[in-house]
Amino acid sequence: MESTKKLLYNLSLGASLLVVPVFSEENYGWYATGSIGASQISDIEYINSNEKITFEDGLGLDFGLGYDFGSTRIEGTLSRGHAPGGTDRGTSFESDTTVTSALLSAFYDFRSSKKWSPFLGISIGSTSVDHLGVGDSGFSYGLGLGISYKTSDTTEVYFKSTGIVTPELDTLGITNGSYGNGTIGVRFLF
């Protein structure tokens with residue numbers, strides 16, 4: 001019995017010595033993030049109609065704060081999509097349309113090496129749309145994926161693709177609204 005206890009103790013001690021270096025290579029703690037790139041607001045349909053709005057490509061960006069637990073992260077982000085013009089019910093327009101989302105996201109980092117880390121995440125939140133001087137907001141959800149490169153112990157550069165869906169906006173009378181951002185950014189661990 002005593003030899004079994006010693007064996008278990010030695011195995012657990014050896015396992016903990018193997019695990020500590022793995023965990024020490026990962027990031028833990030608070031971080032700030034920001035990215036900029038391209039945005040595409042999808043074609044949006046009017047409720048109970050075949051009419052739709054199409055949008056030109058525009059600027060996408062986001063910034064936020066998060067906490068890194070090692071392989072998982074939780075992040076609060078303000079994300080914005082933009083279109084400088086498009087077509088609404090067959091009529092061209094040249095004014096800005098903006099889509100702004102306040103999101104709470106959970107990410108999983110596939111830390112396969114010390115430098116590169118693919119990641120995948122889900123988001124929920126609220127999205128506000130301003131189109132032709134009319135504003136509306138509603139519940140939204142989304143998916144994000146990307147890859148990051150660790151440039152130092154406290155900094156990572158990443159490419160991220162994000163898609164956000166807002167099922168319905170009553171004031172604007174639209175349904176199936178979504179937009180996607182493809183951005184390059186940086187995370188700073190505090």
Side-chain angles (χ1 to χ4, degrees), residues 30-67 73-107 118-149 151 155-188:
W30 292 99
Y31 64 88
T33 183
S35 67
I36 190 166
S39 178
Q40 174 61 58
I41 302 172
S42 69
D43 294 353
I44 298 176
E45 301 168 355
Y46 281 98
I47 296 172
N48 299 323
S49 173
N50 291 331
E51 299 289 341
K52 63 182 178 179
I53 311 168
T54 60
F55 298 94
E56 297 173 0
D57 294 345
L59 178 68
L61 53 89
D62 65 44
F63 61 92
L65 294 172
Y67 191 86
R73 294 180 284 117
I74 293 179
E75 188 174 289
T77 308
L78 189 63
S79 179
R80 184 170 187 223
H82 164 263
T87 305
D88 188 343
R89 298 179 188 179
T91 304
S92 294
F93 63 91
E94 297 297 324
S95 61
D96 290 347
T97 297
T98 57
V99 182
T100 306
S101 300
L103 302 169
L104 180 61
S105 305
F107 289 96
F119 59 87
L120 178 66
I122 57 173
S123 304
I124 60 169
S126 177
T127 296
S128 299
V129 177
D130 182 10
H131 174 63
L132 298 177
V134 179
D136 201 356
S137 62
F139 171 77
S140 55
Y141 57 91
L143 180 67
L145 57 95
I147 189 163
S148 62
Y149 180 76
T151 58
T155 309
E156 290 182 356
V157 175
Y158 62 87
F159 169 77
K160 177 171 68 171
S161 179
T162 306
I164 305 296
V165 176
T166 304
E168 194 166 301
L169 296 170
D170 293 329
T171 302
L172 288 170
I174 58 177
T175 185
N176 299 323
S178 66
Y179 72 102
N181 286 350
T183 58
I184 187 166
V186 65
R187 273 194 297 272
F188 297 104

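In terms of the ring-ring contact (aromatic ring centres under 6.0 Å, His included) criterion, Y31 has no residue partners (sequence neighbours excluded). Taking the ring-ring contact (aromatic ring centres under 6.0 Å, His included) definition, one finds that Y158 meets it with nothing, sequence neighbours left out. Under the rule for a ring-ring contact (aromatic ring centres under 6.0 Å, His included), F63 has no partner lying at least two apart in sequence or in another chain.
To the nearest 0.5 Å, atom OG1 of residue T98 and atom CG of residue D130 are 4.5 Å apart. For the atom pair CD1 (I74) and CG (L65), the distance works out to 13.5 Å, reported to the nearest 0.5 Å. Note that CZ of R80 and CG of L59 are 7.5 Å apart. Values are rounded to the nearest 0.5 Å. With rounding to the nearest 0.5 angstrom, the OG atom of S42 is 8.0 Å from the CZ atom of F55. Atom CG of residue L172 and atom CD1 of residue I44 lie 8.0 Å apart, to the nearest 0.5 angstrom. Rounding to the nearest 0.5 Å gives a distance of 8.0 Å between CG of L104 and OG of S123.
The minimum heavy-atom distance between S105 and F107, with the atom names listed, is CB-CE1, 3.6 Å. Between T171 and V134, the shortest heavy-atom distance links the atoms CG2-CG1, 4.1 Å. Between S39 and G81, the closest heavy-atom pair is OG-CA, 3.2 Å. T166 approaches F139 most closely through the heavy-atom pair CG2-O, 3.4 Å. Among all heavy-atom pairs drawn from I164 and G142, the shortest one is CD1-CA, 4.0 Å. Here the shortest heavy-atom pairing between L103 and S140 reads CD2-OG, 4.1 Å.
For residues 162-183, no pair satisfies salt bridge (charged side-chain N to carboxylate O under 4.0 Å, His left out), with sequence neighbours left out. Under the salt bridge (charged side-chain N to carboxylate O under 4.0 Å, His left out) criterion, the residue pairs touching residues 30-51 are D43-K52, with sequence neighbours excluded.
Screening N181, I184, L145, D62 for a side chain to side chain contact (heavy atoms under 4.5 Å, CB included) involving K160 leaves a single residue, D62.
Counting only N and O atoms by type, the side chains of S126 and S137 include no donor and acceptor under 3.5 Å apart. There is no side-chain donor-acceptor pair under 3.5 Å between T127 and Y179.
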For residues 86-95, which side-chain donor-acceptor pairs fall under 3.5 Å, sequence neighbours excluded?
residue, atom, partner, partner atom, Å
D88, OD1, Y46, OH, 2.8
D88, OD2, Y46, OH, 3.1
D88, OD2, H131, NE2, 2.9

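Atom CD1 of I122 has 12 or fewer neighbouring heavy atoms from other residues, nucleotides or ligands inside a 6.0 Å radius.
Side-chain atoms of T175 come within 3.5 Å of backbone atoms of P167 as a donor-acceptor pair (strictly under, hydrogens ignored).
T183 places none of its side-chain heavy atoms less than 4.5 Å from the side chain of L61. Side-chain contact between L143 and L120 is present, with at least one heavy-atom pair separated by less than 4.5 Å.
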